[in-house]
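Everything on this sheet refers to the single structure shown next.
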Number of protein chains: 2
Amino acid sequence: MLSSMGVTIYDLAREAGVGIGTVSRCLNNHPHVSPATRARVLSIVKRLNYQPHAGAQRLASRRTNTISVIIPSFTNYFYVQTLQGVQDVAADIGMDLMLYGVSHTAQVEHYLRRSLHRGHVDGVLFFSMILPESFVARFQQMRLPMVLVDAYHPAFDSIRVQNNEGGYSATHHLLSLGHRDIAMINASLDTQPARERMDGYRRALEGAGIPFREDRVIISSAGKNDGFNRDAGRDSMRRLLTTTSGPGRPTAVFIASDVQAIGALEGARAEGVRIPEDLAVVSFDDIELAQYAELTTMRQPMYEIGRLAMEKLIARMKDADAAPTLSSFVPDLIVRRSCGAAAHALAGIPVPSQPAPVQHS
Amino acid sequence: MLSSMGVTIYDLAREAGVGIGTVSRCLNNHPHVSPATRARVLSIVKRLNYQPHAGAQRLASRRTNTISVIIPSFTNYFYVQTLQGVQDVAADIGMDLMLYGVSHTAQVEHYLRRSLHRGHVDGVLFFSMILPESFVARFQQMRLPMVLVDAYHPAFDSIRVQNNEGGYSATHHLLSLGHRDIAMINASLDTQPARERMDGYRRALEGAGIPFREDRVIISSAGKNDGFNRDAGRDSMRRLLTTTSGPGRPTAVFIASDVQAIGALEGARAEGVRIPEDLAVVSFDDIELAQYAELTTMRQPMYEIGRLAMEKLIARMKDADAAPTLSSFVPDLIVRRSCGAAAHALAGIPVPSQPAPVQHS
DNA sequence: TACCTTTGTGGAAGCGCTTCCAGAGTTACC
DNA sequence: GGTAACTCTGGAAGCGCTTCCACAAAGGTA
């Protein structure tokens with residue numbers, strides 16, 4: 001019984017008294033094998049506890065049945081949810097996932113290069129980072145399918161979240177609650193989400209005839225994640241509240257992310273400012289904490305994004321020559337306590353309806 | 001330049017005017033190649049943009065440089081942190097990770113079987129689930145290294161968290177704050193953590209000369225994760241508070257997990273019971289929310305567990321015949337607001353020191 | 001000088017599969 | 001009876017690497 005260590009199709013063939021071709025056909029469900037032969041071979045497979053050799057299969061069939069996922073350090077809730085969507089689809093179709101978590105930017109190129117090794121993976125999902133231009137040609141040369149998620153390049157299938165629309169909806173929601181002086185707390189404008197969310201904020205204001213004021217945007221890029229963190233949020237809020245007062249103080253804030261908002265709530269509490277009575281807050285992401293902190297926020301359909309990414313990749317693996325597609329998800333407005341809409345509703349003021357999520361390509 | 005699609009060592013050899021053996025030696029940094037030859041070959045590697053074929057390497061070298069991670073659905077904060085530790089070590093030594101997230105129990109066997117394919121992976125990390133006995137022999141037969149994390153089997157290296165110690169420390173902390181009537185909110189006793197944490201609770205009580213009372217343990221296994229969820233926590237707390245009152249009501253509770261504690265806080269609020277003034281709370285896990293909710297809790301060093309798991313696996317891959325090891329982590333007590341220790345400290349009552357974390361094998 | 005060792009090199013022999021081609025046997029139809 | 005078509009099977013030829021063995025050249029030692 002210890003024999004199972006290295007059973008090959010040659011052993012199976014000898015044991016069953018057939019050729020290796022026949023064995024292979026049995027194993028791969030090919031037609032043109034008599035039922036009797038197939039049954040005999042399969043019983044021997046079982047008896048000898050045969051395990052195919054993955055490397056040999058890859059070499060001979062030139063398919064790996066594996067895709068690699070290159071993702072920024074995934075302790076972030078966004079990626080965990082997305083990865084779950086990817087994983088579920090992969091499990092359905094029996095694909096393996098190679099996980100590459102990027103902690104240092106230098107690793108990006110390393111993992112991309114590794115994914116390009118022939119016979120390593122059949123496709124790549126690339127998340128939220130800037131694809132180095134030098135790799136564009138390489139992927140095309142190797143004809144290695146790739147889907148960009150939360151990122152964009154015209155040469156590849158891309159999936160994006162409409163941050164701009166999200167920023168617009170968030171701000172519009174505050175406007176429709178009657179606020180006219182709305183500030184924004186943002187992270188580093190070097191990141192695309194920060195820029196786009198601010199553009200939406202600006203567009204909503206201007207659409208309501210309210211001029212965009214640069215001094216109403218507090219930007220902190222301190223700490224990790226380019227300012228998308230709790231401490232930066234707290235500092236920004238304190239800065240906002242210590243530099244304004246009385247009627248010169250905004251009545252609402254749009255905050256670029258939930259983590260910042262969590263910090264901002266602490267900052268507001270420290271300054272004795274009540275949320276939402278004194279200051280209405282809408283943020284972005286709908287991470288797990290947002291529900292607990294009762295944040296009104298823009299929800300990104302993370303799980304669905306993961307599923308779609310995987311589906312796009314599968315489609316691309318089937319047809320390498322189709323034109324690249326661009327899919328967009330529009331974030332949902334999730335109304336909770338922090339925007340004060342509940343209080344409004346009690347006072348008989350109608351709450352604006354949420355825009356329906358749209359997914360177009 | 002489109003040539004790079006399928007460059008093999010034969011192409012390199014021809015181009016450089018050397019044999020394939022020499023090329024292979026250059027690529028793998030073997031000795032016995034003259035510096036001149038090596039330089040020439042490597043320059044051609046660069047020029048033709050050669051990429052080794054992973055499948056062929058695996059087949060010929062019988063090493064895959066990959067390990068598989070079989071993990072319960074990882075949206076759980078515990079696994080995310082642990083996986084990060086695993087990932088970081090893997091990146092350091094250039095190993096690839098194959099991620100298998102288990103959503104349905106049927107998938108466990110499938111992923112185990114897949115990992116057993118020859119030439120698929122060099123080792124397996126298996127998390128928090130019961131290893132089917134039928135696989136024990138198979139792994140031994142195939143001599144496939146495996147490390148169990150948050151699980152145990154005498155035949156394999158195992159890494160555990162001392163839930164018993166944790167339950168003891170949590171309860172002991174409450175005792176040292178002067179509480180004599182301490183309840184426990186627990187999840188299904190079918191799970192090992194729930195049993196062990198309760199054993200620690202009991203041991204601490206009895207060590208202090210307080211009899212263990214079964215009616216002081218509220219168990220709810222409703223909902224998902226065997227009762228380790230928010231709703232179960234809320235229900236348990238309400239049950240505790242509605243069945244007791246006045247001096248017959250406990251002054252403190254040890255709750256088996258943070259998620260339950262979050263729900264329990266809501267339940268207490270609904271019953272008008274203040275935490276920690278009316279009821280002190282200590283829970284378990286130190287998930288991200290715990291900090292926000294100011295829970296005093298038992299922290300599991302998740303990242304370190306991940307790192308250690310990977311290191312154990314590497315050691316096992318080097319020496320297959322060493323005796324299986326068992327490593328334990330003792331959870332840390334993290335003191336926050338929910339236990340009332342802060343108030344005690346203000347009142348001049350010394351806060352007990354935290355036990356130092358111990359890691360023994 | 002004779003002999004051993006070291007260094008550098010070429011290439012055959014695998015690794016264990018898939019796939020293709022050829023051939024044997026069977027059935028079908030004119 | 002002859003031809004065509006179809007079913008089933010065996011096994012060679014690759015896939016692209018690593019590793020080993022053989023051998024040549026150069027250096028070292030007595």
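Below, chains carry the letters A, B, ... as their sequence lines are ordered, and counting in each starts from 1.
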Can you give me every donor-acceptor pair (side chain of residues 13-22 of chain A, partner residue at least two apart or in another chain, under 3.5 Å) with its distance?
from, atom 1, to, atom 2, distance (Å)
A:R14, NH2, A:D11, OD1, 2.7
A:E15, OE2, A:R47, NH2, 3.4

Review point. Distance-only, no hydrogens or angles: does the B:R160 side chain make a donor-acceptor pair with backbone N or O of B:F329 under 3.5 Å?
Key: no
Taking only N/O atoms, report every protein-nucleotides 6-8 of chain D pair under 3.5 Å with atom names and distance.
none

**Prompt:** Hey, is the main chain of A:A106 close enough, under 3.5 Å, to the side chain of A:H104 for a donor-acceptor pair?
**Reply:** no
5'-most to 3'-most nt of DNA chain C touching chain A (<4.0 Å, heavy-atom partner on protein side) reads C:dG16 to C:dC20
Residues at least two apart in sequence or cross-chain that pass side chain to side chain donor-acceptor pair (under 3.5 Å) with B:T191, listed by chain then number, are none
Whether the side chain of A:H117 engages the backbone of A:H120 through a donor-acceptor N/O pair (distance < 3.5 Å, no angle test) should be reported. no
Hits for salt bridge (charged side-chain N to carboxylate O under 4.0 Å, His left out) against A:R25, two or more places apart or cross-chain, chain-then-number order -> none
Could you tell me whether the side chains of A:Y79 and A:S128 share a donor-acceptor contact shorter than 3.5 Å?
yes
With sequence neighbours left out, the residues meeting side-chain contact (heavy atoms from CB on, under 4.5 Å) with A:R63 are A:S61, A:D122
Regarding B:T8, tell me which of base, sugar-phosphate or nothing describes its non-hydrogen contacts under 4.0 Å with the strands shown.
sugar-phosphate
Report, one pair per line, the protein and nucleotides 23-26 of chain D atoms (nitrogen or oxygen only) whose separation is under 3.5 Å.
none

Residues passing the side chain to side chain donor-acceptor pair (under 3.5 Å) test with B:S68, sequence neighbours excluded, are B:S115
message = With a 3.5 Å distance limit and no angle check, can you tell me whether B:R118 reaches the backbone of A:V7 through a side-chain donor-acceptor pair?
response = yes
Walking DNA chain C from its 5' end, the first of A:L27 and B:R38 to be reached, judged by nearest nucleotide, is B:R38
Contacts of B:A137 meeting side-chain contact (heavy atoms from CB on, under 4.5 Å) (sequence neighbours excluded), chain-then-number -> none
*asked:* Could you tell me if the side chain of A:L112 sits less than 4.5 Å from the side chain of A:L131, heavy atoms only?
replied: yes
The correct set of residues in residues 56-68 of chain B placing a heavy atom under 4.0 Å from DNA chain C is B:L59, B:A60, B:R62
Taken in chain and number order and not counting sequence neighbours, the residues that satisfy salt bridge (charged side-chain N to carboxylate O under 4.0 Å, His left out) with B:R114 are A:D96
Rounding to the nearest 10°, end axes of the helix from C:dT1-D:dA30 to C:dC30-D:dG1 built from five pairs each make an angle of 40°
Return yes if some donor-acceptor pair links the side-chain N/O of A:S327 with the main-chain N/O of A:T325 below 3.5 Å, else return no. no
*How is B:H30 classified with respect to the nucleic acid when contacts are heavy atoms under 4.0 Å: base, sugar-phosphate, or nothing?*
sugar-phosphate
What's the verdict on salt bridge (Lys or Arg N to Asp or Glu O under 4.0 Å) for A:D157 and A:R316, showing C-alpha distance, side-chain angles and the deciding distance? CA-CA 8 Å; A:D157 294 304; A:R316 172 64 49 193; 2.7 Å; yes
